Engineer: 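Have a look at the structure that comes next, please.
Read the numbers this way: they start at 1 and go in the same order the structure lists the ligands and their atoms. Computed from a prediction, not measured in an experiment: that's the story for all the values here.
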Amino acid sequence: MLCQLPQSNDPNLLSAAIPFADAGVYRLDEQRALVQSLDFFTPVVDDPFRFGQIAAANALSDIYAMGGTPLTALNLVGFPSCSLGTEPLVRILQGGADKVAEAGAVIVGGHTVEDEEPKYGLAVTGLVDPRRMVTTVGCQPGDRLILTKPLGTGILTTALKGELLDEAAIEAAVSGMTTLNRAASAVMLEIGVSACTDVTGFGLLGHALEMAEASEVALVIEAQALPAYPRVLEMAAMGLIPEGSYRNRDYYLPRVEQSGSIPVEALDLLTDPQTSGGLLMAVAKEKASLLQERLKAAGCGAYLIGWVESAAAGKLRIR
Ligand code: CO
């Protein structure tokens, strides 16, 4: 669809040259660029405050994936205030404000429309040093792939909607979704990585494939190394697969090598659309264990899930 829209040729729009960039990047001067992104969605948990926290952590994530620092945020709200009253909305906005404050950013305004189904998210603006910016481009053969959060939030929130699990049963995932990628991003900048993206709606499969294509390498992912939140595999085995997972399969699986041999548990994790997922980093082999050590010390996950191989064009291999 986007191909049918006019493309900007402003040389300061640095993100135009980055395939599958996580955020829009606009250069202000040699040392500074604006980095901008937005996201909003319907509630994924019942508690309005935690939904607000999750939506904000998710919206801020693209800024962190690029090694940027969030500065300001705008609330985007759709809400049925006549049927639900304003109280839940206040709690949603308080949750969002809580995470934006934790990020060291400021909410500068927002906009609300009447909507039958509640929706919340934010438009976020940050700063990044274009010389230190981390993008989807740059994976090198031999690099190790590190993921900073477990997978399965799509499966668990589907189970929550279906009332097979209550919110207490998916506490680990809710807590994971409310966790900012801020600490992981800071460690990434400190150690220095080859490339990074955050794992969101396209699942690990889609985002890994995008990074492979942007870097013109093959990403090799080890099926048995994929981390999952508690109860995810159990719920997946019961068939609680979100619709987005099937869309990801249709779109990305034909582009995966040896896709026929992927074990079903791994396939469910690979294609599960993530809300406020972790960062996927490619790091030089000799720095991988230091990166893992520092991530763990900062309270982040640090799962080694694969490596990078050379390829003529972007490829994804599952083994
Ligand atoms: Co992203």
Side-chain angles (χ1 to χ4, degrees), residues 2 13-26 33-41 44 54-71 73-74 76 99-100 103 105 120-128 130 132-139 145-151 153-154 176-189 193-215 219 221 244-245 247-248 251-252 270-282 300-301 305 314 316:
L2 294 179
L13 186 61
L14 303 181
S15 50
I18 304 164
F20 313 108
D22 279 295
V25 182
Y26 191 84
L34 287 178
V35 54
Q36 298 184 291
S37 183
L38 73 83
D39 201 0
F40 60 95
F41 43 75
V44 287
I54 291 167
N58 179 78
L60 289 157
S61 178
D62 281 329
I63 310 292
Y64 290 129
M66 301 198 78
T69 305
L71 285 183
L74 292 159
L76 307 164
K99 282 292 150 184
V100 170
Y120 175 59
L122 303 98
V124 183
T125 299
L127 279 180
V128 71
R132 296 188 72 205
M133 177 167 74
V134 185
T135 72
T136 49
V137 180
C139 295
L145 298 174
I146 310 284
L147 180 66
T148 68
K149 287 183 187 177
L151 301 165
T153 66
M177 288 187 283
T178 63
T179 301
L180 294 176
N181 282 326
R182 180 189 199 179
S185 180
V187 171
M188 164 174 94
L189 288 177
V193 302
S194 307
C196 178
T197 192
D198 61 337
V199 181
T200 51
F202 301 142
L204 179 63
L205 188 75
H207 293 285
L209 194 55
E210 286 183 346
M211 202 154 89
E213 288 180 359
S215 295
L219 262 52
I221 293 179
S245 179
R247 276 198 299 272
N248 289 339
Y251 193 63
Y252 295 113
L270 282 164
T271 54
D272 192 49
Q274 300 304 286
T275 299
S276 190
L279 300 182
L280 172 64
M281 304 174 190
C300 306
I305 59 161
L316 192 61

Engineer: Of all the N, O or S atoms in Asp22, which has the shortest distance to the Co ion (ligand 1)?
Structural biologist: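 Sorting the N, O and S atoms of Asp22 by distance to the Co ion (ligand 1) puts OD1 first.
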Engineer: Any idea which heavy atoms bring Met66 and Thr135 closest together, and the distance?
Structural biologist: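 Shortest heavy-atom contact: CE-CG2, 4.0 Å.
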Engineer: Would a distance-only check, ignoring hydrogens and angles, find a side-chain to backbone donor-acceptor pair under 3.5 Å from Ser185 to Tyr64?
Structural biologist: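 Checked: pair present.
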Engineer: By atom name, which N, O or S atom of Asp198 is the nearest to the Co ion (ligand 1)?
Structural biologist: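 In Asp198, the heteroatom (N, O or S) nearest the Co ion (ligand 1) is OD1.
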Engineer: Do side-chain atoms of Arg132 reach the backbone of Leu189 as a donor and acceptor pair under 3.5 angstrom?
Structural biologist: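 Checking the backbone N and O of Leu189 against the side chain of Arg132, a donor-acceptor pair under 3.5 Å is found.
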Engineer: Is Thr178 close to Ser276 at the side-chain level, that is, under 4.5 Å between some pair of heavy atoms?
Structural biologist: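 Side chain of Ser276 against side chain of Thr178, heavy atoms only: no contact under 4.5 Å found.
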Engineer: Nearest to the Co ion (ligand 1), which N, O or S atom of Asp62 do we find?
Structural biologist: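 For Asp62, the N/O/S atom sitting closest to the Co ion (ligand 1) is OD1.
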